[in-house]
Each structure stands twice: as structure tokens, then as C-alpha cells.
Amino acid sequence: MALERTRHVAERTLLTMDEAGLSDFYRLMLLIRQFEERVAEMYSRGKITGFCHLYAGEEAVAVGAIRALYDKDYVISTYREHGHCLAKGVSPRTVMAELFGKATGVSGGRGGSMHLFDAGLRFMGGYAIVGGGLPLAVGLGLSIVYKEEPEVVCCFFGDGALPQGAFHESLNLASLWKLPVVFICENNFYGMGTMVQHAICREELYKFAESYKMPGVRVDGMDVLEVHGAALEAVARAREGDGPSLIEAVTYRYRGHSMSDPAEYRPRREERIWLERDPIKSLRRRMLNEKRGDENRLLELEKEVAAVIDDAVAFAEQSPEPPLSELTKHVYVD
Amino acid sequence: MKATYLQAINLALHEEMRRDPNVFVMGEDVAVLGGAFKVTEGLLEAFGEDRVIDTPIAESLIVGAAVGAAVLGMRPVVEMQFGDFISCAFDQIVNMAATLCYRHGGHASCPLVIRAPSGAGVHGALFHSQNPEAWFTRVPGLKVVAPATAYDAKGLLKSAIRDGNPVVYFEHKRFYRSVSEDLPEGDFTVPIGVARRRREGGDLSIITYGGTLHQALDAALIAEQQDGLSVEVIDLRTLLPLDREAILAAARATGKVLVVHEDRLTGGIGGEVAALIAEHAFDYLDAPVRRVAALDTHNAFSPPLEEHILPGTDKIVQAIRSLAAC
């Protein structure tokens with residue numbers, strides 16, 4: 001599935017990374033996975049309501065790509081953005097509190113699961129309109145170029161966004177103006193319940209890049225190192241002023257489109273095949289097999305992550321509801 | 001200095017771009033061509049291609065990119081070549097721009113101006129004549145203005161550019177060269193959210209804005225000269241937020257209100273104005289609130305058909321007489 005070239009990129013990435021770097025990837029992916037599992041649990045217990053789209057299964061994409069950025073670079077995402085938000089450094093406490101709708105959430109309980117945002121950490125938001133964030137990524141890039149700043153924008157979207165006009169409008173202009181944007185398509189094969197081949201005229205989504213005169217590459221989105229290697233190249237290109245790239249990360253969401261979707265349109269056998277390719281277990285196995293990690297240290301990390309998630313849930317549960325007196329605050333800038 | 005409505009907008013853009021390096025102009029043919037109506041003429045020469053930017057024909061992208069730039073502190077002024085095309089950018093305006101500050105709990109803002117040349121009476125037919133303001137006046141987070149004079153065109157655009165919120169600025173294309181006045185030298189602004197009494201009168205009040213202001217003033221003069229009626233004319237100027245106090249004060253003062261707009265009748269601003277008066281000034285009314293607006297149909301090309309669809313001075317005079325007789 002993955003191209004030969006990107007396999008080499010993954011191998012090279014592995015060689016250039018030290019044990020601390022690999023452990024960091026492992027910890028961050030695990031944090032996202034455990035966060036999402038706890039969200040599912042809290043959802044089924046009625047603590048979290050509304051529309052909630054989990055990222056479990058796709059962790060390697062967010063972590064591999066966002067770890068290719070500097071802190072000052074920007075990330076913009078979709079409604080399946082808990083993972084990107086956490087990978088960008090937003091505290092699990094304030095993300096969980098936002099999902100609970102609490103006053104201490106990243107947006108004071110106004111946005112909920114699909115609209116996380118943290119300007120300080122340069123997480124520029126989840127957008128609950130498919131493809132809606134892509135034009136904004138162009139605007140972020142335009143602002144960076146205008147102010148002659150060195151930052152890069154990493155823009156995530158799903159395969160479902162490709163048929164939207166906004167995808168094509170945005171890639172065209174980002175390429176024409178050589179904007180520092182890395183477009184990352186998380187191809188999980190289903191736009192809600194519709195298979196990608198029933199929605200898009202070609203299966204190799206990265207080839208849309210040819211039309212917009214930018215490099216396009218398909219990577220194994222279940223392999224964090226492969227994603228990371230491709231992202232490093234695309235980010236370097238963007239930062240050097242050579243313009244945008246399109247990365248198609250082939251991945252799989254372990255759950256349905258949202259918490260209310262049992263994903264009955266997917267063959268169980270297909271799900272099993274992807275579960276066996278789990279990005280977190282794969283990295284763990286690889287680290288131990290290649291003697292690039294210590295089992296005790298990994299067990300310690302796993303305990304640490306579990307404690308962070310417990311703390312986030314406790315924080316969210318104990319936080320106050322937003323006061324009714326502030327209902328219309330922030331409709332306009334003061 | 002005498003300036004047309006178009007020159008007033010152009011002046012406001014020049015002055016605001018000189019004042020703040022974060023202000024930039026973006027849209028279809030706004031740079032090299034100076035805009036389809038020449039509203040942005042001279043900006044490219046004055047401020048260069050980094051700040052006066054021609055875009056592809058992609059309204060959703062133009063507004064979306066402006067939102068992205070605004071979040072990072074830029075102050076984009078984008079042009080919808082014709083206000084009718086704003087429908088292509090609807091999602092980016094009502095979902096992205098309007099909700100941004102609220103959605104992020106006040107941690108971000110979207111200082112953005114969307115200029116939309118709108119209005120009928122130029123035989124532009126269905127897609128070059130619309131008055132789409134009422135699509136936006138029920139969207140919290142947006143501000144909507146519709147200047148009808150050169151002074152307001154300049155002052156409201158400056159206020160819109162300096163505002164921290166997304167502002168949709170409807171400029172009437174029929175006024176570009178037909179409306180002018182002496183403008184004071186130097187910097188002045190017109191506050192958003194404040195209506196203005198254009199004419200004093202004690203018998204009844206016309207509440208209007210944008211495309212029908214000058215017709216309403218003409219009609220008020222005719223009613224005075226031919227019928228001896230004293231007609232007040234209130235220019236709303238801002239449609240979101242409405243100046244409720246000015247509306248209610250007019251209703252309380254004269255007891256007879258005629259609402260006039262060039263937008264279609266059903267679902268137009270007039271309905272909201274009438275409802276406000278019914279809720280808060282009913283006891284002062286001597287007659288039901290009346291409305292004169294475009295017919296509830298598409299804007300036809302044929303000049304006689306278009307004239308029939310639009311409000312126009314004659315229809316306003318008739319409505320004044322009918323209301324005064326109540």
C-alpha cells in the first residue's frame with residue numbers, strides 16, 4: 001500500500017531518532033488513545049453529550065505530522081480533532097473539560113468536541129464543516145507570508161473533504177501563492193458511511209497534488225515513523241518558501257463516524273485486519289525488537305499516561321458549568 | 001471636498017490602509033483592474049501587490065482565507081464582486097466568521113470586512129441585482145451595515161475596518177456615481193448601530209435604509225408639497241444591530257410608521273422593525289405599521305418589469321397618503 005519511497009523514509013527516520021524521541025511518539029499516541037477510550041466511556045455514561053467523533057486508530061497521523069513542527073507552527077483540523085489538539089500540546093484537562101461542556105474547557109464550554117481551539121499553542125481549531133478549515137489554512141499561510149514569519153501551517157482533513165470545492169480552491173491558491181501549508185488528508189476510507197470509491201473519482205488521493213503542481217505522497221498512516229518522515233520533508237519545503245505539499249495518510253478509525261454510529265457498513269474482517277496493524281502496538285513491538293526501548297520504561301510511561309487521563313476526567317467532573325449570566329458573552333468582541 | 005459614494009469608499013480604503021499596515025484588500029479583480037466598479041482603483045499603485053491582492057473567482061475561499069488571516073491579527077477587507085455572489089461564501093461567513101469568537105470562548109476574534117455591492121435598478125437581472133442583507137441580519141456575531149450617503153459610506157467603512165468583529169458592508173451599486181456630497185477633510189467615522197434622522201416630520205415616520213433612502217426623501221418632499229404632510233425619515237444605516245431606540249422613538253413620536261426597503265417584502269428587515277414596534281410601542285400607534293418593499297419575486301431583467309417589482313418613489317408617496325388618511 002505505501003510507496004517504496006516512503007518505506008525508506010520510515011527506515012531513515014527510525015535511524016535518525018533516539019530512544020527519547022521514540023518514547024515521546026509512543027507516549028503521545030498512547031495519551032490520545034487512552035483519552036479517546038475514556039471519552040467513549042464518559043459518553044456512554046452520559047457525562048459527555050452531543051456529537052462526538054473519536055480519533056482512535058489514527059494516532060500515528062497526528063503525532064507523526066505534528067512532531068515534525070516547531071511549537072510556533074500552526075495546526076488546523078476537523079471535527080475529529082481531539083488527537084491533533086492533544087498532540088499540539090493542549091492540556092488533556094482543558095480538552096476533557098470542553099467535552100464535558102464545562103466553564104474550564106478550552107472554549108469555556110461554548111464549542112464542545114468539534115470546536116477545540118487554543119491560539120496560544122497555535123492550535124487554530126477544529127471545524128465542523130467538512131472542508132471548512134482549508135480556506136482558513138490558506139489565510140493563515142497568507143498572513144505568515146505577509147508578515148515574513150518563518151512558520152508553517154499543518155492542515156488536517158479527511159477523505160470526505162476532497163469532493164468539496166473548498167479543497168480544490170484552497171490547494172490551487174496555496175500552490176499559486178506558494179504558501180507554507182502542508183495539507184494532510186487522513187484517508188480512513190469512509191466519509192461517514194460512504195466508501196471513498198463511491199465518493200471520489202480516483203482512489204489514489206495524493207495524485208490530486210499533480211493537478212495543483214505540488215508534491216503529493218501516500219504514506220502508511222498506521223506507521224508513525226513513515227508519517228513523520230514524509231511530514232519532515234513537506235514542512236522543510238514549506239518553510240524554505242517552496243510552497244505546499246499534499247500528504248495522503250492511509251489510516252483507519254477504529255470506531256464509527258461518531259459515537260452514534262455502530263459502523264455496520266464496514267465488514268468486521270476489514271476492522272480486524274486494521275486492528276492488527278495498530279500504530280501504537282506496532283511502535284512498541286518495534287522499539288523492543290530493535291532494542292530501541294526498555295520494557296520497564298514503557299510500562300512506566302503507560303502508568304503515567306493513565307494517571308494523566310484520570311486527572312483530566314476528575315478535573316472535568318469537578319469543574320463548574322458555565323454560568324447562564326455569560327450566555328451571550330463573546331458573541332461579539334468586547 | 002465633493003466626493004461620490006464610490007470615491008468615499010475608495011478614500012476610506014486608502015486612509016485605513018495608510019493608518020494600519022494590517023489592513024489589506026483582497027478579491028476578484030480588485031488590484032490590476034481596480035475592481036469591477038473601480039471602487040479599489042489606485043490601491044495597487046499606492047500599497048503594492050502584497051496588500052492589494054487579486055484572487056481567483058472563488059468566494060468561499062476569499063472569505064475563508066480572510067478569516068484565517070484575521071485570526072492572526074490581519075484586517076482583511078474582501079470584495080464580493082457583486083453582492084449576489086456572497087451566497088457562494090455563505091458557509092464561511094455564517095459558520096466560520098460569525099461564530100469564531102464565541103466558539104473559542106473569546107480567545108480569538110475575526111476582524112473582517114466583506115464589501116458587497118448590492119441592489120437593483122441597474123437592469124442587472126437575477127444574479128446582479130439582489131439585496132441579500134436579510135440572510136445575514138439574523139446571524140449573531142456579524143454586524144451588517146448599509147450606507148446610503150457618501151458620508152456614511154466613508155464613515156461606516158472606517159468603523160467596520162476598525163471593528164473587532166466580522167462586518168458585512170452592503171454598498172448600493174446604483175449610488176456609486178449618482179450620490180455625492182461634500183465630505184469634511186480628514187478622518188471621521190460613523191458609529192455602527194446608530195440610525196440617523198434624515199428629515200424631521202410630525203405626521204408619520206418612514207423607516208428605511210440603503211437603496212430606498214433617497215426615494216423615501218423624495219416621496220416625503222412630494223407629500224409635503226402636494227398634500228401638506230410632514231413626514232419624518234429615519235435612515236437605519238446599520239441593520240445588525242438595529243438601533244431599537246431610534247425605531248421606537250419614531251413610532252412613539254408620530255404614531256404612524258411606514259417601513260421601506262428595496263429588499264423583498266417577506267422575511268425582510270421591515271418585518272423585524274414592525275415586530276419591534278408592535279412589541280414595544282403598540283400603545284402609541286394610530287394605525288397599523290405599513291411596509292413598502294420589493295415584490296416577492298425574482299428580479300426580472302425587463303426594465304418595465306423591474307420597475308414594477310421595486311418600491312420606487314410613486315409607491316412610497318401612495319403609501320404615505322394611505323397611511324396618513326388612517
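For clarity, every value in this text was computed on a predicted model and none was experimentally measured. The chains referred to below are lettered A, B, ... by the order of the sequence lines, with proteins before strands, and numbering in each begins at 1.
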Interatomic spacing from [atom1] in [X] to [atom2] in [Y] - rounded to 0.5 Å:
X      : Y      : atom1 : atom2 : answer
A/S107 : B/R103 : OG    : CZ    : 8.5 Å
B/L142 : A/Y332 : CG    : OH    : 6.5 Å
B/H107 : A/H330 : NE2   : NE2   : 7.0 Å
B/T99  : A/R110 : OG1   : CZ    : 12.5 Å
A/H115 : B/L100 : NE2   : CG    : 10.5 Å

Listed by residue number, which members of residues 77-94 of chain B have a heavy atom under 4.5 Å from any heavy atom of chain A?
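Hits under 4.5 Å: B/D91, B/Q92.
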At their closest point, which heavy atom of A/S143 faces which heavy atom of B/A69, and how far apart are they?
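Heavy-atom minimum between the residues: CB-CA, 4.1 Å.
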Chain B contact via [X] - side chain, backbone, both or neither, heavy atoms under 4.5 Å:
X      : value
A/K329 : backbone
A/N172 : side chain
A/V331 : both
A/Y146 : side chain

Which one wins on heavy-atom pair count under 4.5 Å against chain B: A/V333, A/D118, A/V145?
A/V333
Top residue by heavy-atom pair count (under 4.5 Å) with chain B, among A/T328, A/L173, A/L176, A/D334?
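Among A/T328, A/L173, A/L176, A/D334, the one with the most close pairs to chain B is A/L173.
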Taking atom [atom1] as the centre, does [X] end up with more than 12 heavy-atom neighbours from other residues, nucleotides or ligands that are less than 6.0 angstrom away?
X      : atom1 : value
A/R237 : CZ    : yes
B/F188 : CZ    : yes
A/E148 : CD    : no
A/K213 : NZ    : no
B/R138 : CZ    : no

For the residue pair B/M74 and A/L142, establish whether any side-chain heavy-atom pair is separated by less than 4.5 Å.
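Counting from C-beta outward, B/M74 and A/L142 never come under 4.5 Å.
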Interface check, chain A: of B/P111, B/P21, B/P166, B/A98, most non-hydrogen pairs under 4.5 Å belong to B/P21
Heavy-atom pairs under 4.5 Å with chain A, option from B/G141, B/G106, B/G164 with the top count:
B/G141
Give me the contact list for residues 123-141 of chain A versus chain B, heavy atoms only, anything under 4.5 Å, ordered by residue number.
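From residues 123-141 of chain A, the residues near chain B are A/M124, A/Y127, A/I129, A/G132, A/P135, A/L136, A/V138, A/G139, A/L140.
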Evaluate side chain to side chain contact (heavy atoms under 4.5 Å, CB included) for B/L72 paired with A/K147, printing each intermediate quantity in order.
CA-CA 10 Å; B/L72 295 191; A/K147 294 177 183 168; 4.3 Å; yes
